[in-house]
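For reference, the structure is listed below as structure tokens.
All chains are named by letter (A, B, ...) in the order of the sequence lines, taking the proteins before the strands, and each is independently numbered beginning at 1.
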Protein chains: 2
Amino acid sequence: MDMTSKLTAAAERLFDRHGYMATGMDRLTEAAGMSSRTLYKHAGNKAQLMARVLTERDRRFMARLEVQSVDALFAALEDWVRVEGTRGCLFLRSRAETGGDTPEIAEAVAAHKAAFHKRIEEVVAVNLGREDPVLSEQVLVLLEGATHAAVYRGAGAVSAARAAAAILLERARA
Amino acid sequence: MDMTSKLTAAAERLFDRHGYMATGMDRLTEAAGMSSRTLYKHAGNKAQLMARVLTERDRRFMARLEVQSVDALFAALEDWVRVEGTRGCLFLRSRAETGGDTPEIAEAVAAHKAAFHKRIEEVVAVNLGREDPVLSEQVLVLLEGATHAAVYRGAGAVSAARAAAAILLERARA
DNA sequence: ATACAAGTAAAACGAACGTTTTACATGTCA
DNA sequence: TGACATGTAAAACGTTCGTTTTACTTGTAT
């Protein structure tokens with residue numbers, strides 16, 4: 001594993017567990033197991049590092065959403081939550097922590113959320129045989145809600161969302 | 001308006017717009033229009049101030065949820081978003097920013113989310129004529145999802161959630 | 001008159017922040 | 001052999017952080 005990957009992985013973990021602002025660069029150098037000189041060579045600066053964490057997370061998360069049915073979207077989220085846990089959406093959290101004032105972070109978040117929305121619309125279209133913007137928005141709300149409700153309600157929130165989506169889909173089919 | 005209320009209001013605004021960690025006490029004294037000596041007399045310290053902001057917000061938010069129907073819950077959230085905007089749930093955000101490591105904040109968040117969940121169960125019971133834990137969980141997920149999806153999808157996310165809840169409720173009645 | 005609560009303005013505290021620099025070790029390739 | 005890229009260790013940079021302190025003003029109630 002090269003230094004850049006090691007750094008990005010350590011940063012994602014710390015930013016997710018303790019927050020972006022609360023994570024100091026000293027803690028990061030320690031967790032990544034490298035000197036601060038090397039860290040800055042690969043990271044540029046803290047905001048760029050956060051942006052790279054988000055880009056990498058987007059890649060990993062979106063890869064899991066390469067499915068053909070709405071139900072599989074929720075199954076994928078269940079897997080994600082089981083494997084990675086959930087402390088809320090890291091994209092929204094990083095935007096909120098920076099007040100949207102850090103361009104590279106705001107852009108990474110916007111890109112992810114646009115891709116997320118688009119993927120949902122595609123899956124709904126495949127599953128339903130036609131486009132359905134209203135159902136897509138509802139599925140998006142359910143996925144977003146499951147992610148955040150799971151923080152304090154546990155994985156059951158994802159199952160509840162999954163069942164709700166099934167009902168909405170059935171209804172849209174009629 | 002007394003100093004404590006002025007401080008709490010200013011703190012809520014700044015913490016919400018820029019994040020808890022990113023908001024310095026200097027900015028807070030300026031926004032609240034008081035000396036740092038007076039601020040600390042009323043606030044105790046930063047974490048206690050955040051906890052008081054959350055307690056006050058809980059009071060204000062829960063007051064809006066004193067309704068008799070599930071649909072009215074979503075109407076109330078629509079009002080809230082229109083009046084206050086949304087940058088995500090301030091309770092979950094403050095917990096995430098502190099990694100859950102600040103007791104007074106973690107407790108204020110837990111108390112709010114417990115009350116939130118309880119209120120939803122009550123409204124569902126009143127609206128449906130019986131308790132329904134599954135539907136309640138789905139309504140909770142929809143409310144949470146609407147709050148967070150509205151950050152980047154706008155107020156339409158709340159209407160979508162509202163319509164979805166109506167369908168789930170209708171179905172639960174049958 | 002005086003004691004006291006409650007406020008301001010501003011300096012100071014040590015600690016921690018993000019970042020850069022200095023000095024040195026190592027392996028690799030022309 | 002020697003230049004170069006890549007790494008470490010550790011000190012130092014100036015800034016900002018949360019918080020406390022010093023010195024002073026004001027309104028109010030005994």
**Item:** NZ or CZ of A:Lys46 within 45° of A:Tyr20 ring axis and under 6.0 Å
**Value:**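 Verdict for A:Tyr20: a cation-pi partner in A:Lys46.
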**Message:** Out of the candidates B:Glu144, B:His112, B:His117, B:Arg95, only one should pair with A:Tyr152 under the side chain to side chain donor-acceptor pair (under 3.5 Å) rule; please name it.
**Reply:**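 Among B:Glu144, B:His112, B:His117, B:Arg95, the one meeting side chain to side chain donor-acceptor pair (under 3.5 Å) with A:Tyr152 is B:Glu144.
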Integer-rounded Å distance: [N] [atom2] and [X] [atom1]:
| X | N | atom1 | atom2 | answer |
| --- | --- | --- | --- | --- |
| B:Leu7 | C:dA6 | CG | C1' | 15 Å |
| A:Lys41 | C:dT19 | NZ | C1' | 16 Å |
| B:Tyr40 | C:dC13 | OH | C1' | 12 Å |

Carboxylate-amine/guanidinium contact [X] [Y], below 4.0 Å:
| X | Y | answer |
| --- | --- | --- |
| B:Asp16 | B:Arg13 | no |
| A:Asp132 | A:Arg130 | yes |
| A:Arg171 | B:Glu170 | yes |
| B:Glu122 | B:Arg119 | yes |

**Message:** Going 5' to 3' along DNA chain D, between which two nucleotides do contacts with chain B fall, using a heavy-atom cut-off of 4.0 Å?
**Reply:**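 The protein-touched segment is D:dG18 to D:dA23.
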**Which atom of A:Ala150 lies closest to which atom of A:Val158, heavy atoms considered** =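 Scanning both residues, the minimum pair turns out to be CB-CG2, 4.3 Å.
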**Asked** Are side-chain N/O atoms of A:Ser5 and A:Thr8 paired as donor and acceptor at under 3.5 Å?
**Response**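 Side-chain D/A pair, A:Ser5 to A:Thr8: absent.
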**Request:** Under 4.0 Å from any atom of DNA chain C, heavy atoms only: list the residues of residues 9-37 of chain A that qualify, in numerical order.
**Result:**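 Going residue by residue through residues 9-37 of chain A, the ones with a heavy atom under 4.0 Å of DNA chain C turn out to be A:Thr23, A:Gly24, A:Met25, A:Ser36, A:Arg37.
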